[in-house]
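Letters go in sequence order (proteins before strands), and every chain restarts at 1. Scope of the values below: all heavy atoms of this structure, side chains included, with no hydrogens, waters or symmetry mates. Computed from a predicted structure; not experimentally measured.
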Number of protein chains: 2
Amino acid sequence: MTEPIPLDLARLRRTCAECSLQMLCLPAGMDAEDISRLEAVVQRRKPLTKGDSLFRAGDPLRAVYVASEGVFKTVMLSESGEEHVLGFHLPGELFGLDAIGSGKHRCEAVALGDARVCELPYAHLASIATQVPSLQHQLLRVIGQSADRDQDHVDVLSRRQASERIAMFLHGLSDRYRRIGRAADDFVLPMSRDEIARYLGLVLETVSRGFSRLHEDGIIEVRGRRVRILDVAALGALTHGCEGGQPPQRRRSGG
Amino acid sequence: MTEPIPLDLARLRRTCAECSLQMLCLPAGMDAEDISRLEAVVQRRKPLTKGDSLFRAGDPLRAVYVASEGVFKTVMLSESGEEHVLGFHLPGELFGLDAIGSGKHRCEAVALGDARVCELPYAHLASIATQVPSLQHQLLRVIGQSADRDQDHVDVLSRRQASERIAMFLHGLSDRYRRIGRAADDFVLPMSRDEIARYLGLVLETVSRGFSRLHEDGIIEVRGRRVRILDVAALGALTHGCEGGQPPQRRRSGG
DNA sequence: CGATTCCTTGACTATGCTCAAGAAGAGTGG
DNA sequence: CCACTCTTCTTGAGCATAGTCAAGGAATCG
């Protein structure tokens, strides 16, 4: 465990300038000089595996993070003991920002599988941002984008119909996969039905039935965690709740 | 309408240093010198009345806002035409940050009654933040706090039971009233049942029934928009879903 | 290959939505 | 100041959607 593994060291040495996620991540839009100043504070942590926590609720704000490989979820445990999933964090997406408001993390970040993160010590980041306006601007932007994702979550949860929430979830995930350069219509879900349910404010059975329904209707093909989107337009239409292509629910008028 | 009203002009001239909301607002924790640099960019807009929009979805990011008097709601219109309420903004709370991620506003901000706002042109704010580290820090903090409120919204919407959502809403609102120095257990709701419902992902009838139920159970006293919280502890307990003081729902075992 | 976890599907139930009508407030003008 | 109107709120009855409980099947891991 403590013995140095050459391959890992090589990866740890990788810089932002070489990173495939550069376009998506904090360095986006920064010039070479600025990036090198940013690189000075970026730390690459040792790889994590399924279930590992990056931080827990109550931990003081030390750093913000971006997954370079693998997917994370952030979860909040309600007083009644239920686990609510606040978000899923794909490679290139900044997370851990929940501690900026109060100085303490409000949630826990957990790796959904093997993962690797870049850690950006917050105090360093903020002080460099003072010196490098383009980084400050970029930092505000990514924070804003993170807030946009939270907003999308609110948007999903505001939908009354479970089918709408599920369609929005898949549609949004597909979009995000495209953005990170991965197939948008054929992927393996990194999270369980239960985790999806806890993200959507539903129970896992409802999510499962929702998936089956989309399969029956020929909109997706699903087998376990493998998902293929066959009809993006129809999926998008379901997102709007009202009738799009197929009727969203067999009403008495149809039957 | 266009004639100058002395009283209003006097108010418009008021500075951050004199503002009663100083402790809550952006200037919190800044010294006199820094505040004066901030004041240079703050603009006080002419008063708004019920229904007036401050910005609309699609508008470019010009400024961020803080209500100095009155309450605002931010709303998003879904493709199917429904209005979703994203948040209510009390005096001292920064809003309009939704445009930071993309450069465009994602939602519309509407005054719920007579209101007055301070407008902070974003470009100015960001450039001063570069020069004044304490403002940068403060700016990041308030953005973080705004994200915390969004997170609280997610938390509310994740609850399955309507009664929990309603209890959390009242409990949270009460908290925020206390923070701005107003009575936390006796207030007039600035928003309608319908707006509450659209915030909670429910319909107005459900909200109305929820309020009536809390009244019956002796936890609150409600008459129209006037609310008095009689038993904060019980309200907090309902927030947790599980049984607290009174049973949350009369089950057959009880009747 | 066995054990465990995860997913699917069914039957039943309950919560909250729909539709509907009436009461209470707020605003307006005589 | 009161009558009128319009909006907002309350309450009721019935129904549909999603939750609960339960069991069996698929997939994954050691």
> Does A:Ser158 reach the main-chain N or O of A:Val154 with its side chain, forming a donor-acceptor pair under 3.5 Å?
Replying inline: yes
>> Quick check against the 3.5 Å criterion: does A:Asp52 have a side-chain atom that pairs as donor or acceptor with the backbone of A:Thr49?
In response: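 Answer holds: yes.
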>> Does A:Arg225 reach a base, just sugar-phosphate, or nothing at all? Heavy atoms under 4.0 Å.
In response: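 Sugar-phosphate, no base atom in range.
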> How would nucleotides 24-30 of chain D be written as a contact map, 5' to 3', with B for base contact, S for sugar-phosphate-only contact and - for no contact, using protein heavy atoms under 4.0 Å?
Replying inline: ---S---
Tell me: [atom1] of [X] to [atom2] of [N], nearest whole Å?
X	N	atom1	atom2	result
B:Glu82	C:dT18	CD	P	8 Å
B:Phe211	D:dT8	CZ	P	16 Å
B:Leu157	D:dA18	CG	C1'	17 Å
B:Leu189	D:dT10	CG	C1'	15 Å
A:Leu214	C:dT9	CG	P	13 Å
B:His215	D:dC9	NE2	C1'	14 Å
B:Arg226	D:dT10	CZ	C1'	19 Å

> Taking OP1 and OP2 of D:dT7, is either one under 4.0 Å from a side-chain nitrogen or oxygen of B:Ser192?
Replying inline: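 So the side chain of B:Ser192 is outside the cut-off, no N or O lying under 4.0 Å from OP1 or OP2 of D:dT7.
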>> Tell me whether the side-chain N/O atoms of B:Gln161 come closer than 4.0 Å to OP1 or OP2 in C:dT15.
In response: no
Which word best sums up how the rings of [X] and [Y] line up, parallel for under 30°, tilted for 30 to 60°, or perpendicular for over 60°?
X	Y	answer
A:His89	A:Phe95	parallel
A:Tyr177	A:Phe187	tilted
B:Tyr199	B:Phe88	tilted

> Can the ring centroids of B:Phe72 and B:Tyr65 be said to lie less than 6.0 angstrom from one another?
Replying inline: no
>> Between A:Val222 and A:Arg160, which residue's closest nucleotide on DNA chain C lies nearer the 5′ terminus?
In response: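 The residue mapped nearer the 5' terminus is A:Val222.
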Ignoring hydrogens and geometry beyond distance, is the side chain of [X] in donor-acceptor contact with the base of [N] at under 3.5 Å?
X	N	result
B:Arg165	C:dG16	no
B:Arg213	C:dT15	no
A:Arg209	D:dG19	no

> Just checking, is any N or O donor in the side chain of A:Ser78 or B:His240 under 3.5 Å from an acceptor N or O on the other one?
Replying inline: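 Side-chain D/A pair, A:Ser78 to B:His240: absent.
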> So, B:His105 versus B:Asp98: side-chain donor-acceptor pair below 3.5 Å or not?
Replying inline: yes
> In residues 193-208 of chain A, what residues come within less than 4.0 Å of DNA chain D, judged by heavy atoms?
Replying inline: A:Gly201, A:Leu202, A:Val203, A:Glu205, A:Thr206
>> Please evaluate residues B:Leu214 and B:Asp217 with respect to the criterion side chain to side chain contact (heavy atoms under 4.5 Å, CB included), reporting the C-alpha separation (whole Å), side-chain torsions for both, the decisive distance (0.1 Å), and the verdict.
In response: CA-CA 5 Å; B:Leu214 290 170; B:Asp217 292 352; 5.8 Å; no
